[in-house]
Visitor: 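Please find one structure pasted underneath; my questions will follow.
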Amino acid sequence: MRGYNVLFPMGFDAFGLPAENAAIRHGIHPATWTFDNIRAMEAQYRNMGAMIDWSREVITCTPEYYRWNQWFFLKMLERGLAYRAAGAVWWCPSCQTVLANEQVIEGNVCERCGSAVSRRDLEQWYFRITQYAEELLRDAEGLDWPERVKTMQRNWIGRSEGAQVAFTLETGDVLEVFTTRPDTLWGATFMVLAPEHPLVASITTPEHREAVARYVEQARRQSEVERQSTDEERPRTGVFTGAYAINPVTDERIPVWIADYVLMGYGTGAIMAVPSGDQRDFEFARAFGLPIRVVVQPEGAPTLESGAMTEAYAGPGVLVDSGPMTGLRVPEQLPEIIAWLAESGRGEAKVTWRLRDWLISRQRYWGTPIPVVYCARCGMQPAPEDQLPVLLPLDAAFTPTGQSPLVTNTAFLETTCPGCGGPARRETDTMDTFVDSSWYWFRYTSPHYAAGPFDPATADAWCPVDLYCGGIEHAILHLLYARFFTKVCRDLGLIDHGEPFLRLRNQGMILSEEGTKMSKSRGTQVAPDDLVREHGADALRLHLMYLGPWEQGGPWNSRGLQGMERFMRRAWTVVTETGAGPFDGAAPDAEVRALRGVTHRTIQRVTEDLDEFQFNTMVAALIEFVNELMRLKETPVVRTPAWREAVETLTLLLAPSAPYLAEELWERLGNPYSVHQQAWPVFDAALTARDLVEVVVQVNGKVRDRLRLAADAAEAEAVAMALAAPRIAEALNGAEPRKIVYVPGRLINIGR
RNA sequence: GCGGACGUGGCGGAAUGGCAGACGCCGCGGUCUUAAAAACCGCUGAGGGGCAACCCUCGUGCGGGUUCGAGUCCCGCCGUCCGCACCA
């Protein structure tokens, strides 16, 4: 209606655990279950009057789609962006598969099923998303996305600037540590390794071996059980290894400990401990009687004494007892310190990221097979591109066992090596389903393209996506992966842009009437089909919009539906009773002008509210308009051309929200099909202004009277009228006004 | 613990620093009906006064502040929700 060419497709992200688990529960094949559901949902969308281009439908569990997942995988492999590696990975005992870091919430809970997850040492496939960390962080700044989503992405990527410093152990080993505070190097009085650190076994001295082994074992078990809470009460734990390191700036011998507060997964898995400057190190030092040395003194505050400190001081100050760096001001002069470390060969500037590579292999059935084979002679070999897709066999026993179900499907498993032609075994893990959703919008632009994942020409014409609506639950997972894939597509030369979604808005979730997540099994689900049958699609649409702010969501209630039916009936009445005219009558100019004012102010409100996603107030504006027309239809303006303008405008403004009603009314007004192809009304600013307004007169902020004034009445005139009003004189009670404020068209406030 | 959002009638909610409660639901009254439902019309924050048109007082989680004027801005609490949480 506003002249834009809009692509509004729909598709189904149809691989994954929900389909698989539901299929297991009901004893139906995931494919059957999935396609039955897709048909039902398509019907639901149609019922609701959603104007979707179904010719572009994409279903990710079809070979036509997932072959391109495999193609992307091979491209990643070629470019070193896909790799297989061993490491400690998250395992969900209920889903019977490994998970990506992003799928683990609250420390150790499976994002999907809510079970506690634990660490396992396994070899898995990864996508090297960390290669794009810098770009993912930087490009987020320019996006028109909700600030909290950008913050969540920034935190997840977690850029941290500092220095890497090498400590030499007495054993001769070199221990690299990352620190954001290289200025406090002179205050490093001990070192701490993560219990899983590879050097632990070799540096531990014989007399400490038993205690260290016990601690490592306990730390490992602990991660198997509930994740340790980080509350204040929990004492710091750790053990001494018997080894010593040399502080590279003081040449001092400092002990090397292990403790679970140092994480193997961040930095180098080892830290230099500066108890005077870091609260965790401080607590650890106090718990084990390790020395505390103050190296940063705050300015304009009492001098810190190591013995008297009750907590670490991490603020700004001046370096003391820090050799050649003594007297420097931090953090301002940190770059000089890092430069000195680099010059003297003790360390170098370093950026560390919290973001880890994306673990994409899964030990489940309903997903895209990873297209590689293993040959006894040639090792791992990628499946040749012209042999894609590697089909997911439909006859596999898909009950999860902790191993991919494909392991037992010999027809799938046994193949020939693309290198030597000898016998080979297929990779049996499938891909994380977030791979499917990482590029699907490109496919919408050329859904049947056979020469690649999408036609670069159409993708470049339509993309990036101008407006993306999705739930806040995608803040990290889907949106981060999608951004990563977009950058990879750009680097593959498929497209020119590097960001997939320019404008993002998060809709809230409609909850059950009890305020909980709607659930079919608990019977708290509200079926749109029933509501459409009883009340019609338009009433349901209006009600959904009217329920509350779109971004907020909230509990469902069906009571208000009746209000929308009443509104629609009034709209119907007013248009059908009066829309046919004739419009050759006369009415006082002021009344005609007032009617046109209402019409044009409604156009303005509805247009602006739509632009800003304020659908609830948009519906309110439409209701007010109809209510006003109901009042006016008994007056002479009903016979004027301005009335025709009003009812036609109403019909057009209703079109996006109540498409069926609007189409019917449009026809009844004698207009040709279709209302949805008409130009959206444009308001006339000359008509939205009111000429006579009610101005409130306040005394000390309290309303004491009202005046009818011209909208542009001069201050002197307005104030004179206000002071002349008997109620105002009474409120002033003879007092002399101290200050008078006049806001034209709104109010006069008299301070006494 | 840190960061963010939020807190308004019986309910959902509305209010560029300018009439708090738009609009809807519920409720009450009326019209129509033998009656009820539906529909339509009116009233509907709390307390008080007036025969009445109306008028007064209080009122946006709590306590302060800025301002002619605060739901809105600032400070401090309380509560709810969300994110992060040993990230060196």
Side-chain angles (χ1 to χ4, degrees), chain A residues 105-107 146-149 151-152 154-156 158-160 162-163 165 177-182 184 188 191-192 194 227-232 234 236 259-263 265-274 277-281 283-284 314 352-356 472-473 475-476 542-543 546-549 551-552 554-567 569-570 573 605 614 616-627 630-631 694-706 727 737-752:
Chain A
I105 55 172
E106 287 157 36
E147 205 47 51
R148 63 173 173 154
V149 175
T151 304
M152 282 164 77
R154 270 195 293 270
N155 290 343
W156 188 262
R159 184 178 197 273
S160 177
V165 180
V177 300
F178 172 74
T179 175
T180 54
R181 295 294 306 273
T184 61
M191 305 198 73
V192 187
R227 158 139 184 148
Q228 66 269 39
S229 70
T230 54
D231 66 61
E232 310 280 277
R234 184 173 178 271
R236 296 261 167 234
D260 61 5
Y261 81 91
V262 174
L263 309 174
Y266 186 78
T268 63
I271 61 159
M272 64 176 206
V274 184
D278 182 285
Q279 187 59 23
R280 295 154 299 177
D281 298 345
E283 287 163 18
F284 195 81
T352 294
W353 305 87
R354 186 181 173 278
L355 180 69
R356 310 279 88 198
I472 187 70
E473 70 274 14
I476 294 175
L542 287 166
H543 180 59
Y546 196 61
L547 213 48
E551 322 90 79
Q552 197 177 295
W556 168 260
N557 78 72
S558 30
R559 286 193 311 278
L561 262 167
Q562 210 170 65
M564 291 306 117
E565 289 182 279
R566 286 179 194 144
F567 158 62
R569 187 170 287 113
R570 287 197 301 275
T573 303
R605 288 173 66 186
Q614 281 155 9
N616 55 336
T617 51
M618 179 207 68
V619 175
L622 289 170
I623 295 172
E624 283 179 57
F625 189 32
V626 167
N627 291 350
M630 286 294 278
R631 273 190 289 275
E694 191 181 74
V695 172
V696 167
V697 185
Q698 300 180 334
V699 175
N700 282 345
K702 284 194 174 126
V703 183
R704 295 298 173 183
D705 206 353
R706 290 148 211 276
R727 291 237 196 90
R738 185 161 58 88
K739 176 162 187 174
I740 298 176
V741 177
Y742 172 55
V743 182
R746 287 204 176 264
L747 59 65
I748 297 165
N749 189 19
I750 302 168
R752 49 168 279 193

Visitor: Can you tell me whether the side chain of A:R706 and the base of B:C19 have a donor-acceptor pair closer than 3.5 Å?
Guide: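 Answer is yes: a donor-acceptor pair is held.
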Visitor: Whole angstroms only, please: what is the CH2-C1' distance between A:W156 and B:C82?
Guide: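 In whole Å, B:C82 C1' lies 16 Å from A:W156 CH2.
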Visitor: Could you give the distance separating B:G9 and B:U44 at their C1' atoms, to the nearest angstrom?
Guide: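 Per the computed distance, 10 Å lies between those C1' atoms.
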Visitor: Could you give the distance separating B:A46 and B:U31 at their C1' atoms, to the nearest angstrom?
Guide: 31 Å
Visitor: Is A:T617 near enough to B:A22 that one of its side-chain N or O atoms lies under 4.0 angstrom from OP1 or OP2?
Guide: no
Visitor: What is the minimum heavy-atom distance between A:L547 and A:W556, and which atoms define it?
Guide: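 Closest heavy-atom pair between A:L547 and A:W556: CD2-CE3, 3.9 Å.
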Visitor: Starting from C1' on B:G1, measure out to CD on A:E283 and report it in whole angstrom.
Guide: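 Distance check: A:E283 CD to B:G1 C1' gives 11 Å.
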Visitor: Which label fits A:F284 and A:Y261: parallel for a plane angle under 30°, tilted from 30 to 60°, or perpendicular past 60°?
Guide: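 Geometry flag for A:Y261 against A:F284: tilted rings.
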Visitor: Rounding to the closest angstrom, what is the interatomic distance between B:C41 and B:U57 at atom P?
Guide: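 These two P atoms come out 35 Å apart once rounded.
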Visitor: When syn is taken as a glycosidic angle within 90 degrees of 0, is B:G24 syn or anti?
Guide: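 For B:G24, whose glycosidic angle is more than 90° from 0, the conformation is anti.
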Visitor: Starting at CD1 of A:I472 and ending at C1' of B:C84, how long is that distance when rounded to a whole Å?
Guide: 14 Å
Visitor: Measuring only the C1' atom in each nucleotide, how far is B:U33 from B:C40? A whole number of Å is fine.
Guide: 14 Å
Visitor: Tell me: CD1 of A:I740 to C1' of B:U67, nearest whole Å?
Guide: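 To the nearest whole Å, that distance equals 17 Å.
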Visitor: Please report the distance, rounded to the nearest Å, between CE in A:M618 and C1' in B:A14.
Guide: 15 Å
Visitor: By side-chain hydrogen bond (donor to acceptor under 3.5 Å, both in side chains), which residues pair with A:T352, not counting sequence neighbours?
Guide: none
Visitor: Quick one: which of B:C23, B:C84, B:A39 gets closest to the side chain of A:N627?
Guide: B:C23
Visitor: Between A:H543 (NE2) and B:C26 (P), how many Å, whole number?
Guide: 11 Å
Visitor: B:C41 phosphate, OP1 or OP2: any side-chain N/O from A:R631 under 4.0 angstrom?
Guide: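 Checking A:R631 against B:C41: no side-chain N or O falls below 4.0 Å of OP1 or OP2.
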Visitor: Is A:Q562 near enough to B:C26 that one of its side-chain N or O atoms lies under 4.0 angstrom from OP1 or OP2?
Guide: yes
Visitor: Can you tell me if the side-chain N/O atoms of A:K702 get under 4.0 Å from OP1 or OP2 in B:G18?
Guide: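 Result: no.
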Visitor: Distance check: side-chain N/O of A:R704 vs OP1/OP2 of B:C56, anything under 4.0 Å?
Guide: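 For A:R704, the contact criterion (side-chain N or O under 4.0 Å from OP1 or OP2 of B:C56) is met.
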Visitor: What are the atom names and distances for every N/O pair under 3.5 Å that joins the protein to nucleotides 10-12 of chain B?
Guide:
residue	atom	partner	partner atom	Å
B:G12	O2'	A:L547	O	2.4

Visitor: Go through the structure and list residues passing salt bridge (charged side-chain N to carboxylate O under 4.0 Å, His left out) with A:R356, not counting sequence neighbours.
Guide: none
Visitor: Okay, side chain of A:H543, backbone of A:N557: is any donor-acceptor separation there less than 3.5 Å?
Guide: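 Here the side-chain-to-backbone pair exists.
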Visitor: Any idea which heavy atoms bring A:G267 and A:F178 closest together, and the distance?
Guide: CA-CB, 4.5 Å
Visitor: Of all the heavy-atom pairs spanning A:R181 and A:A314, show the shortest one and how long it is.
Guide: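 Nearest pair, atom of A:R181 first, then A:A314: NH1-O, 3.3 Å.
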Visitor: Set out, line by line, the N/O atom pairs under 3.5 Å between protein and nucleotides 68-72 of chain B.
Guide:
residue	atom	partner	partner atom	Å
B:C68	OP1	A:K739	NZ	3.4
B:C68	O2'	A:N749	ND2	3.2
B:C68	O2	A:N749	ND2	2.5
B:G69	O4'	A:N749	ND2	3.4

Visitor: Just compare B:A39, B:A88, B:C84 and give me whichever is closest to any side-chain atom of A:F178.
Guide: B:A88
Visitor: Determine the Euclidean distance between corresponding C1' atoms of B:C86 and B:A5; express it in Å to zero decimal places.
Guide: 26 Å
Visitor: Start at the 5' end of RNA chain B and walk down; is the nucleotide closest to A:I105 or to A:G158 reached first?
Guide: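 Nearer the 5' end of the strand: A:I105.
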Visitor: Expressed as a whole number of Å, how far does the P atom of B:C23 sit from that of B:G42?
Guide: 11 Å
Visitor: Just how far, in rounded Å, is P of B:A22 from CG of A:L622?
Guide: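 For the pair A:L622 CG and B:A22 P, the rounded distance is 18 Å.
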Visitor: Which one, B:A88, B:C19, B:C86, comes nearest to the side chain of A:Y261?
Guide: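 Nearest nucleotide to the side chain: B:C86.
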Visitor: Return no unless some side-chain N or O of A:R566 is found under 4.0 Å from OP1 or OP2 of B:C26.
Guide: yes
Visitor: Between A:E565 and A:L561, just flag the one whose closest nucleotide in RNA chain B comes earlier from the 5' side.
Guide: A:L561
Visitor: Less than 4.0 angstrom between a side-chain N/O of A:N616 and OP1 or OP2 of B:A14, yes or no?
Guide: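 So the side chain of A:N616 is within the cut-off, an N or O lying under 4.0 Å from OP1 or OP2 of B:A14.
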Visitor: Give A:V262 one of three labels, base, sugar-phosphate or nothing, depending on what nucleic acid heavy atoms sit under 4.0 Å from its own.
Guide: base
Visitor: Please name all residues satisfying salt bridge (charged side-chain N to carboxylate O under 4.0 Å, His left out) with A:R354, sequence neighbours left out, ordered by chain then number.
Guide: none
Visitor: Considering every strand and a 4.0 Å limit on heavy-atom distances, what is the contact class for A:R159: base, sugar-phosphate, or nothing?
Guide: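 Counting heavy atoms under 4.0 Å across all strands, no contact is made by A:R159.
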Visitor: For A:L542 and B:G24, what is the distance between atoms CG and C1' respectively, to the nearest whole Å?
Guide: 12 Å
Visitor: Rounded to the nearest 0.5 Å, what separates atom CZ in A:R154 from atom CD in A:E147?
Guide: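 That separation rounds to 5.5 Å.
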Visitor: In chain order, what residues pass the side-chain hydrogen bond (donor to acceptor under 3.5 Å, both in side chains) check against A:N749, with sequence neighbours excluded?
Guide: none
Visitor: Rounding to the closest angstrom, what is the interatomic distance between B:G17 and B:U72 at atom C1'?
Guide: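 Going atom to atom, C1' in each nucleotide, I get 7 Å.
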Visitor: Return the set of residues passing side-chain contact (heavy atoms from CB on, under 4.5 Å) with A:N627 (not counting sequence neighbours), or none when no residue passes.
Guide: A:R570, A:I623, A:R631
Visitor: Sequence neighbours left out, what passes side-chain hydrogen bond (donor to acceptor under 3.5 Å, both in side chains) with A:Q562? Give chain and number order.
Guide: A:R566
Visitor: With P as the reference atom in both, quote the distance from B:G79 to B:U66 in angstrom, rounded to an integer.
Guide: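 After rounding to an integer number of Å, I get 28 Å for this pair.
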Visitor: Apply side-chain contact (heavy atoms from CB on, under 4.5 Å) to A:A270 and list each qualifying residue two or more places apart in sequence or on a separate chain.
Guide: A:L175, A:V177, A:L193, A:H197, A:T268
Visitor: Which residues pass the side-chain contact (heavy atoms from CB on, under 4.5 Å) test with A:R605, sequence neighbours left out?
Guide: A:A621, A:E624
Visitor: Any donor-acceptor pair, under 3.5 Å, between the side chain of A:R746 and the base of B:C19, if you only look at N and O atoms?
Guide: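 Between B:C19 and A:R746, which were checked side chain against base, a qualifying N/O pair under 3.5 Å is absent.
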Visitor: Applying salt bridge (charged side-chain N to carboxylate O under 4.0 Å, His left out), can you list everything that pairs with A:E694, at least two apart in sequence or on another chain?
Guide: A:R706
Visitor: Please tell me which of the listed nucleotides, B:C41, B:A88, B:C19, lies nearest to the side chain of A:R570?
Guide: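 Nearest nucleotide to the side chain: B:C41.
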Visitor: What stems show up for RNA chain B when you take Watson-Crick pairs (N1-N3 plus N6-O4 or O6-N4) and G-U wobbles (N1-O2, O6-N3), both under 3.5 Å, and require three or more consecutive pairs?
Guide: B:1-7 with B:78-84, B:10-12 with B:23-25, B:27-31 with B:39-43, B:45-49 with B:54-58, B:61-65 with B:73-77
Visitor: Among the nucleotides B:C82, B:G18, B:A88, which one has an atom lying closest to any side-chain atom of A:R148?
Guide: B:C82
